[in-house]
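Index from 1, following the sequence. No experiment lies behind these values; they were computed from the predicted model shown.
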Amino acid sequence: MKNCLTLLIAIIHTGIVAAQTYFSEVSLSSGINHKAVRVSGFEPMSGGAAWIDYDNNGYDDLYLTGGSAKDAFYRNNGNGTFSLQTITAGFGGMDETVHTTGVAVGDIDNDGFKDVFVTTLRSHHNYLFHNNGNGTFSDITLTAGVADTANSVSVSFGDYNLDGFLDIYVANWCSEYTNGPTLGLPTEQNFFYINNGNLTFTESSAEYGIGDTNACSLGVVFTDYDNDHDMDLLVANDFGYLPENDENSLFQNQYPLDTFLDVSVAANANIEMNGMGIAVGDYDENGWLDYLITDMETPVLMHSTNGIFTDEAVTSGLQNDQVPNLNNSGTRATVSWGCAFLDYDHDTYSDIFISQGDLSYDFPRPALDPNKLYHNNGNGTFTDVSVLGGIDDSYISRALAYSDYDNDGDLDVLVGILDSANGSAHSFLFRSDAATGNWLKINPQGMAANRDGYGARVEIKFDGRTIIREVDGGSSYGSHNSSIVHFGLGNVTYVDTVLITWPGGATDEFYHVPANITYEAIEGTGGITVGADISVNREEKFSFFPNPAQAGNTVMFKTLFNNSQIASLHIYDLKGNKVAEVFSSKTLQVGITTTEWIIPPFLNAGVYTCRLETQSGVVNQRLIVF
């Protein structure tokens with residue numbers, strides 16, 4: 001079987017006028033009109049966002065939680081606009097009595113379609129929706145065994161035992177809240193759901209010692225902090241400075257043993273703070289993942305050296321303690337929530353975006369607490385460019401999640417808004433409008449690893465530098481970024497190497513990879529020099545319709561070449577097994593060649609790979625059979 005790095009989309013980034021702000025707020029013009037509404041007694045909590053390509057059409061769709069308002073699910077129309085599909089997609093069963101908070105997505109059964117987990121406050125149990133692969137979801141909460149009730153906030157997916165199936169961790173806040181606590185708040189055990197591989201889960205937080213039972217947890221992320229190729233857990237805890245409440249927690253995975261070790265103290269991760277959201281990234285390129293944790297006042301920047309952390313927030317330029325009150329009566333503490341490392345300007349360095357928002361609109365004086373955008377100076381420090389970025393609104397922000405929703409090569413950002421006295425009627429979609437320079441996007445697909453590739457590490461190498469990203473299984477605050485990995489490249493036109501290290505340590509390596517393209521990287525297909533031969537638009541070189549299709553349908557394959565090619569076209573399942581042959585060693589002439597193929601009746605519903613192997617390279621595309 002030949003090796004491949006599959007071409008998905010080729011878009012040349014042209015650059016924009018430098019005087020323009022980096023982002024434009026386009027929510028209403030894009031069709032997004034939603035905000036979270038506070039829940040009485042839990043004013044700070046609500047507002048989550050997740051990007052999910054639920055129909056596998058190459059465009060990220062958007063899920064927004066509503067607090068005491070209804071959730072909203074928006075389908076990406078592929079032209080910069082969205083259509084509200086909450087009821088049609090199957091999410092209409094949650095009415096205003098279900099107080100939702102956070103959301104994350106993951107393919108729990110490796111069928112090629114991402115599923116949705118929604119957290120709630122105590123009014124109702126959390127929800128798990130299974131993607132049916134036909135544009136709809138089914139509520140499987142009860143049968144899956146995840147119908148637990150708590151004041152749940154953030155959720156993250158990760159395969160802790162490397163069995164190829166995604167497990168789930170849910171961060172639970174305190175069981176009740178009273179203003180002005182002095183000793184501690186009543187806590188709730190977090191949930192850890194082990195995937196049984198049959199659409200059911202077993203809650204095992206107590207058995208594995210990772211329930212964080214004395215903590216008021218708000219943020220969580222599965223992440224490989226120690227570079228040993230398995231998923232550890234970092235938990236951000238609110239009120240960690242109170243005597244009876246625990247600080248932040250770091251649980252080290254002891255794989256192949258079925259256990260975790262609390263290394264919070266040993267790794268200097270036991271930080272006393274109002275821990276909110278978590279961002280993951282190697283901002284200084286030392287090969288170790290760093291973590292930004294949002295807080296009241298200045299966030300914590302956990303800089304890692306060999307898995308041991310020091311807080312570099314102040315020395316790096318992220319100090320942000322006080323903001324003025326609306327009525328000009330002095331100042332009050334800032335409050336930060338959602339957060340992310342992202343290269344917004346394509347200069348190759350990981351910048352920081354933070355959503356800011358006071359605790360409540362009647363607290364009694366909301367602060368002018370604008371969102372923050374920090375530019376990475378490339379020397380371990382950051383510069384505040386929030387005003388120039390055009391993102392410095394002073395509404396009550398919560399969620400933050402990024403995606404290249406319009407597939408133009410740069411990252412756009414959704415900031416979730418909680419209703420406020422400032423008058424904002426909707427969450428904000430910040431479209432990137434001024435990123436110059438080249439880019440590269442990698443869409444990982446696990447085979448032995450989980451289908452989404454969550455926890456995989458993607459490294460690119462050029463000019464003697466190594467830049468790393470970790471595939472996100474849910475992070476920020478109650479949110480989930482796009483799982484397509486994004487790199488800004490500046491003036492770099494070819495990346496020397498793309499190295500993907502999958503959970504468990506298996507690797508795939510691709511060489512001489514052109515910029516300004518989105519690639520699909522399938523586990524087990526590494527070791528190829530990509531080069532320029534297959535960097536043309538895939539729509540011109542290899543296309544087919546209909547897609548999706550069903551058994552018995554005739555699929556029309558079209559190829560376009562500038563010179564004749566000896567080619568083979570085979571169909572593979574998700575495990576890499578060849579299940580059908582369209583043609584082998586066929587001479588394809590110059591110009592367009594059309595080949596008809598009838599889908600055989602033995603092909604079950606699912607996702608398949610159509611692999612065109614030619615003298616100049618390999619191109620893979622997905623075929624959905626329903």
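The OG atom of S249 sits 5.0 Å away from the CG atom of N237 when rounded to the nearest 0.5 Å. Atoms CD1 and CG, on I354 and N320 in that order, are 7.5 Å from each other to the nearest 0.5 Å. In this structure, CG in D351 is found 5.5 Å from CG in N376, a value given to the nearest 0.5 Å. Note that CG of D212 and CD of Q189 are 9.5 Å apart. Values are rounded to the nearest 0.5 Å. Annotation: the span from T259 atom OG1 to N161 atom CG amounts to 12.5 Å, rounded to 0.5 Å. Atom NE2 of H130 is separated from atom OG1 of T141 by 12.5 Å, given to the nearest 0.5 angstrom.
The aromatic rings of Y454 and F157 lie tilted to each other, with the angle between the two planes from 30° to 60°. Aromatic ring pairs are classed by plane angle as parallel below 30°, tilted from 30° to 60° and perpendicular above 60°; the pair F382 and Y283 is tilted. By the 30° and 60° cut-offs, the orientation of the rings of F191 relative to Y193 is tilted.
A donor-acceptor pair under 3.5 Å links the side-chain atoms of S204 to the main chain of T202, judged by distance alone. The backbone N or O of I417 sits nowhere less than 3.5 Å from a side-chain atom of S397 that would complete a donor-acceptor pair. A side-chain donor-acceptor contact under 3.5 Å links T120 to the backbone of H125. Of the possible polar contacts, none joining the T200 side chain to the N196 backbone as a donor-acceptor pair under 3.5 Å is found. Using modelled atom types, no side-chain atom of W173 and backbone atom of V153 make a donor-acceptor pair closer than 3.5 Å. Looking only at distances, no side-chain donor or acceptor of S156 sits under 3.5 Å from a matching main-chain atom of S475. Judged by distance alone, with hydrogens and angles left aside, the side-chain atoms of N253 form no donor-acceptor pair with the main-chain N or O of D230 at under 3.5 Å. Remark: the backbone N or O of F192 is paired with a side-chain donor or acceptor of E203 at under 3.5 angstrom. The backbone N or O of V105 sits less than 3.5 Å from a side-chain atom of H480, completing a donor-acceptor pair. A donor-acceptor pair under 3.5 Å is formed between the side chain of D167 and the backbone N or O of Y160.
With 3.5 Å as the limit, one finds a donor-acceptor pair spanning the side chains of D472 and N481. No side-chain donor-acceptor contact under 3.5 Å links S304 and D290. With 3.5 Å as the limit, one finds a donor-acceptor pair spanning the side chains of N371 and D393. Between N76 and Y405, the side chains place no donor N or O within less than 3.5 Å of an acceptor N or O (distance only, hydrogens not considered). Looking only at atom types and distance, the side chain of T223 has a donor-acceptor partner in the side chain of E470 under 3.5 Å away. Residues N151 and N172 have side chains that never bring a donor and an acceptor to within less than 3.5 angstrom of each other.
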Pair R398-M45, side-chain contact (heavy atoms from CB on, under 4.5 Å): steps then yes or no: CA-CA 8 Å; R398 290 295 183 266; M45 309 305 299; over 6 Å; no
side-chain contact (heavy atoms from CB on, under 4.5 Å) assessment of F353 paired with L411: CA-CA 11 Å; F353 199 132; L411 289 178; over 6 Å; no
Worked check of side-chain hydrogen bond (donor to acceptor under 3.5 Å, both in side chains) between T119 and N126: CA-CA 5 Å; T119 61; N126 298 322; 5.1 Å; no
Derivation and outcome, side-chain contact (heavy atoms from CB on, under 4.5 Å), residues E285 and Y349: CA-CA 9 Å; E285 300 177 21; Y349 295 103; 3.6 Å; yes
Intermediate values then yes/no, side-chain contact (heavy atoms from CB on, under 4.5 Å), V26 and D412: CA-CA 10 Å; V26 297; D412 315 295; over 6 Å; no
Derivation and outcome, side-chain hydrogen bond (donor to acceptor under 3.5 Å, both in side chains), residues D452 and S483: CA-CA 8 Å; D452 295 323; S483 55; 5.7 Å; no
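Looking only at side-chain heavy atoms (C-beta outward), L373 and I352 stay at 4.5 Å or farther from each other. With contacts defined as side-chain heavy-atom distances shorter than 4.5 Å, the pair K70/E96 qualifies. The closest side-chain heavy-atom distance from D224 to D226 is below 4.5 Å. Side-chain contact check for N274 versus F239: some heavy-atom pair is nearer than 4.5 Å. No side-chain heavy atom of R431 sits less than 4.5 Å from a side-chain heavy atom of E25. Two residues are said to be in side-chain contact when any heavy atoms from C-beta on lie closer than 4.5 Å; L400 and S479 fail this criterion.
In terms of the side-chain hydrogen bond (donor to acceptor under 3.5 Å, both in side chains) criterion, T65 has no residue partners (sequence neighbours excluded). By the side chain to side chain contact (heavy atoms under 4.5 Å, CB included) test, T310 pairs with H303, E312, sequence neighbours left out.
When all heavy atoms of N245 and T187 are compared, the pair lying nearest together is ND2-CG2, 3.3 Å. When all heavy atoms are compared, the tightest approach of T101 to S46 is CG2-OG, 4.1 Å. Annotation for V471 and P444: closest pair CG2-CG, 3.8 Å, computed over non-hydrogen atoms. Residues V39 and S68 approach most closely at CG2-N, 3.7 Å, considering heavy atoms. Residue Y74 comes nearest to D61 through the heavy atom pair O-CB, 3.3 Å, listed as atom of the first residue, atom of the second, then distance. Heavy atoms only, all atoms of each residue included: S217 and V235 are closest at OG-CG1, 3.4 Å.
Here F251 and Y208 keep their ring centres 6.0 angstrom or further from each other. Annotation: F82 is not in aromatic contact with H34 [ring centroid separation under 6.0 Å not met].
Under the side-chain hydrogen bond (donor to acceptor under 3.5 Å, both in side chains) rule, Q356 has a single partner from D369, T294, D392, which is D369. Residue Y63 is tested with F91, F129, Y54 for a ring pair (Phe, Tyr, Trp, His ring centres under 6.0 Å); the sole match is F91.
Between D53 and K114, none of the side-chain N atoms (NZ, or NE/NH1/NH2) sits under 4.0 Å from a carboxylate O, so this pair counts as no salt bridge.
Screening residues 211-237 for ring-ring contact (aromatic ring centres under 6.0 Å, His included), with sequence neighbours left out, gives no hits.
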